[in-house]
Protein chains: 2
Amino acid sequence: MVRKSATGRIGIADVAIKAGVSHATVSRVMNGNFTVDPDIAARVRAAAAELKYQPNPVGRSLALGKTDTIGIVVPDLANPTFQAILRGLSRAAAQDSYRVLIADSFEVSSEEAILAGEARRRCDGLVLCAPRMSDAELEEIAPSLHPLVLINRTTAAAGVPSLVVDYGQGVQDIAEHLVDLGHTRLAFLAGPPRSASNGLRLQGLESFKAAHPQVEVTMLEGGSDFDTGHEAVDAVLESGATGILAFNDLVAMGLMSGLHERGLDVPGDISVTGFDDIPFAKYTTPALTTAAVPITELGEQAWQQLRALIRKEENEAPGSRYQPRLEVRSSTGPAKAPRTAAHG
Amino acid sequence: MVRKSATGRIGIADVAIKAGVSHATVSRVMNGNFTVDPDIAARVRAAAAELKYQPNPVGRSLALGKTDTIGIVVPDLANPTFQAILRGLSRAAAQDSYRVLIADSFEVSSEEAILAGEARRRCDGLVLCAPRMSDAELEEIAPSLHPLVLINRTTAAAGVPSLVVDYGQGVQDIAEHLVDLGHTRLAFLAGPPRSASNGLRLQGLESFKAAHPQVEVTMLEGGSDFDTGHEAVDAVLESGATGILAFNDLVAMGLMSGLHERGLDVPGDISVTGFDDIPFAKYTTPALTTAAVPITELGEQAWQQLRALIRKEENEAPGSRYQPRLEVRSSTGPAKAPRTAAHG
DNA sequence: CTTGCCCAAGAAAGCGTTTTCTCAGGTCGC
DNA sequence: GCGACCTGAGAAAACGCTTTCTTGGGCAAG
């Protein structure tokens with residue numbers, strides 16, 4: 001019988017025996033090496049087909065020193081942003097016959113380095129998505145992770161392309177939009193403290209405040225999910241702001257839902273904006289004004305950059321910067337007279 | 001110098017040389033084998049730490065015959081349902097130090113079998129998520145994919161646990177709910193034709209129709225995303241139905257958005273229901289009435305089942321069936337007099 | 001007819017681990 | 001004091017593949 005292999009699976013040896021040739025020849029045929037006699041090649045192929053032989057990728061990986069797999073580590077797989085990046089990455093990588101291994105750090109920044117290292121060792125390259133670790137730590141481990149591509153984070157370590165979204169500019173665009181609508185009291189519902197993109201937004205708001213001293217901008221603590229927005233209703237109302245910049249679309253949706261429950265009208269009473277333009281943003285009622293980030297493209301670009309690194313190609317454009325595009329929908333509208341002065 | 005290995009990475013050999021012992025001993029120490037002299041063990045550990053040695057998982061996998069990785073193949077990574085399953089699976093697997101490799105078939109059912117095979121060979125087990133392939137094909141390839149767990153699909157092949165959601169019951173519950181509200185004309189916005197869960201829903205509706213001959217149920221073609229729902233507005237209005245059962249929450253949201261644009265009130269003019277209870281469902285306006293599927297739990301259970309298979313444990317409960325729970329929110333309300341008879 | 005080449009296919013050496021097998025040295029018992 | 005037993009560590013085989021190295025046979029040229 002066949003099945004001589006210890007693992008019980010059909011191996012190259014089985015095919016070699018069946019075809020009456022050596023392992024080497026089978027390998028050559030399977031890899032399209034043309035120095036094999038056509039007759040023998042045909043015999044090998046027939047044997048392989050009959051045994052339904054499929055090369056063991058692990059053995060192959062060991063011999064070849066590559067796994068045809070890349071890893072991605074994300075802080076939270078529940079976040080639509082990271083899901084979209086993952087999707088874009090997976091799609092692009094699949095086009096080049098690469099697979100994607102995922103590692104979710106669940107926002108535990110202390111785990112990221114270990115997770116990244118483990119993932120990297122199993123893969124040919126790694127995408128580190130919005131890592132929460134410190135700059136110092138990131139810079140320290142970056143070399144050991146090469147080929148490495150960063151998303152929404154930069155590092156001083158050499159040879160690490162970064163794809164960053166200009167959240168600072170995006171948040172300024174949104175603020176400008178609200179000011180144009182007559183809002184003079186704004187509030188920012190911040191994101192996770194360790195998020196670099198939150199830092200960029202805060203910087204952007206500082207620039208905005210410098211340029212618009214007459215506008216009042218209240219900072220509110222927050223997070224990155226629905227509930228954050230939903231629970232922030234009181235704080236938002238208390239601030240007296242009429243234009244709210246939520247950290248992202250999720251927070252904005254939660255907030256709108258909360259406002260709705262309070263009987264407040266968006267945008268009649270309060271204007272709400274999001275960030276990211278996740279697919280759902282278009283379908284909220286009212287449709288959400290937001291800053292669109294070309295997020296799937298980000299995942300795809302990450303693969304392009306990583307592929308260049310893996311192939312050791314000269315990378316003409318190491319990393320790139322993405323500008324969000326203001327997407328005005330119906331969750332923003334003209335400011336009405338400040339509620340505190342409504343009696344006047 | 002160190003770095004004798006061809007790959008340029010630190011290998012077990014480097015540690016062995018540095019510690020002045022054999023490969024075997026290093027391996028023993030790294031794997032916590034206690035038959036090693038404590039002094040030598042300490043020397044090895046010191047050498048490993050100094051060289052920052054990390055075992056190569058590929059070599060390890062080859063020797064051990066396992067990869068500590070499982071694969072999941074989904075028809076569409078953009079679908080929140082599959083994202084949630086992936087998340088649950090990944091989380092549960094990570095708890096047992098397993099990683100997840102993803103394969104997206106992009107709804108191309110002809111690719112599924114190849115994709116599944118490739119993924120399986122790199123992994124210790126596979127989760128096949130709502131495969132679109134035919135029953136015959138599924139049954140044929142199932143044995144070669146073992147250990148295998150199916151989600152939302154069953155097969156006659158032996159030893160393949162299935163986790164299925166009782167979509168038929170769920171859809172009946174929703175229909176009953178609408179009837180209780182006085183609706184007599186319903187419409188079902190179907191999902192992808194190849195989706196087994198769509199088939200289950202259709203069966204459920206047949207049962208429902210049999211039990212409620214007085215209720216008119218119109219079948220409308222559809223899909224599984226926002227746009228499907230958004231584009232279905234005309235067909236829905238044409239049907240004259242006042243209670244709409246959308247294939248899932250996404251479709252329902254698209255439909256509500258479309259109805260809103262037409263100036264129609266939900267649930268005043270038309271009641272809309274979804275399915276799945278994705279996180280967003282709670283935050284739509286109006287909040288969506290839907291059938292909640294314990295979807296993250298599904299991913300987690302998939303891992304439990306797969307783990308049992310991998311460990312060759314006796315599996316007391318091979319597979320299980322999940323009952324959706326009706327989640328009544330505010331997108332459904334009392335039926336108003338049929339519009340076609342409004343003048344009466 | 002012999003010598004030298006070239007080519008195709010087999011033999012064997014990796015790839016980086018784990019694990020069995022083997023053997024040297026020490027301990028204990030008689 | 002010598003042989004049996006045991007322990008701990010090195011040697012080597014195994015995992016399944018790719019690839020270099022080797023070899024034998026066929027062919028052309030001298």
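So you know, we letter chains A, B, ... as the sequences are listed, proteins then strands, and number each from 1. For clarity, every value in this text was computed on a predicted model and none was experimentally measured.
By the salt bridge (charged side-chain N to carboxylate O under 4.0 Å, His left out) test, Asp76(A) is found to be paired with no residue, residues two or more places apart in sequence or in another chain being considered. Evaluation of the salt bridge (charged side-chain N to carboxylate O under 4.0 Å, His left out) rule for Arg28(B) yields no partner, not counting sequence neighbours.
Nearest nucleotide to the Ser27(B) side chain, out of dT19(C), dT18(D), dG16(C): dT19(C).
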What does the list of N/O pairs under 3.5 Å between the protein and nucleotides 8-10 of chain C look like, with a distance for each?
residue, atom, partner, partner atom, Å
dA9(C), OP2, Thr35(A), O, 3.4
dA9(C), OP2, Asp37(A), N, 2.8
dG10(C), OP2, Ser22(A), N, 3.1
dG10(C), OP2, Ser22(A), OG, 2.9
dG10(C), OP2, Thr25(A), OG1, 2.5
dG10(C), N7, Arg28(A), NH2, 2.8

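An OP1 or OP2 oxygen of dC15(C) is reached within less than 4.0 angstrom by no side-chain nitrogen or oxygen of Asn56(B). OP1 or OP2 of dG16(D) has not a single side-chain nitrogen or oxygen of Tyr53(A) nearer than 4.0 Å. Contact annotation: Arg9(B) side-chain N/O to dG16(C) OP1/OP2 distance is not under 4.0 Å.
Rounded to an integer number of Å, the gap from CG of Leu62(A) to C1' of dC15(C) is 4 Å. Taking atom CG of Asp68(B) as the reference point, atom C1' of dT18(C) lies 14 Å away to the nearest angstrom. In this structure, Arg60(A) places its CZ atom 17 Å from C1' of dC15(D), rounding to the nearest Å. Protein atom CG of Asn31(B) is 15 Å distant from nucleotide atom P of dA9(D), rounded to whole Å. Atom P of nucleotide dT18(C) and atom NZ of Lys66(B) are separated by 11 Å, given to the nearest angstrom. Between the CD1 atom of Ile12(B) and the P atom of dC15(C) there is a distance of 14 Å, given to the nearest Å. Distance CD1 (Ile17(A)) to P (dG16(D)): 13 Å, rounded to an integer number of Å. Taking atom CD1 of residue Ile10(B) and atom P of nucleotide dG16(C), one finds them 11 Å apart after rounding to whole Å.
In terms of modelled atom types and a separation under 3.5 Å, the side chain of Arg153(A) and the main chain of Ala130(A) share no donor-acceptor contact.
The pair Glu107(B)-Arg132(B) meets the salt-bridge criterion, with a side-chain N (NZ, NE, NH1 or NH2) lying under 4.0 Å from an Asp/Glu carboxylate O.
The environment of NE2 in His146(A) is crowded: more than 12 heavy-atom neighbours from other residues, nucleotides or ligands sit within 6.0 Å.
There is no side-chain donor-acceptor pair under 3.5 Å between Asp104(A) and Ser90(B). For the residue pair Asn56(A)/Arg122(B), the side-chain donor-acceptor check at 3.5 Å is not satisfied.
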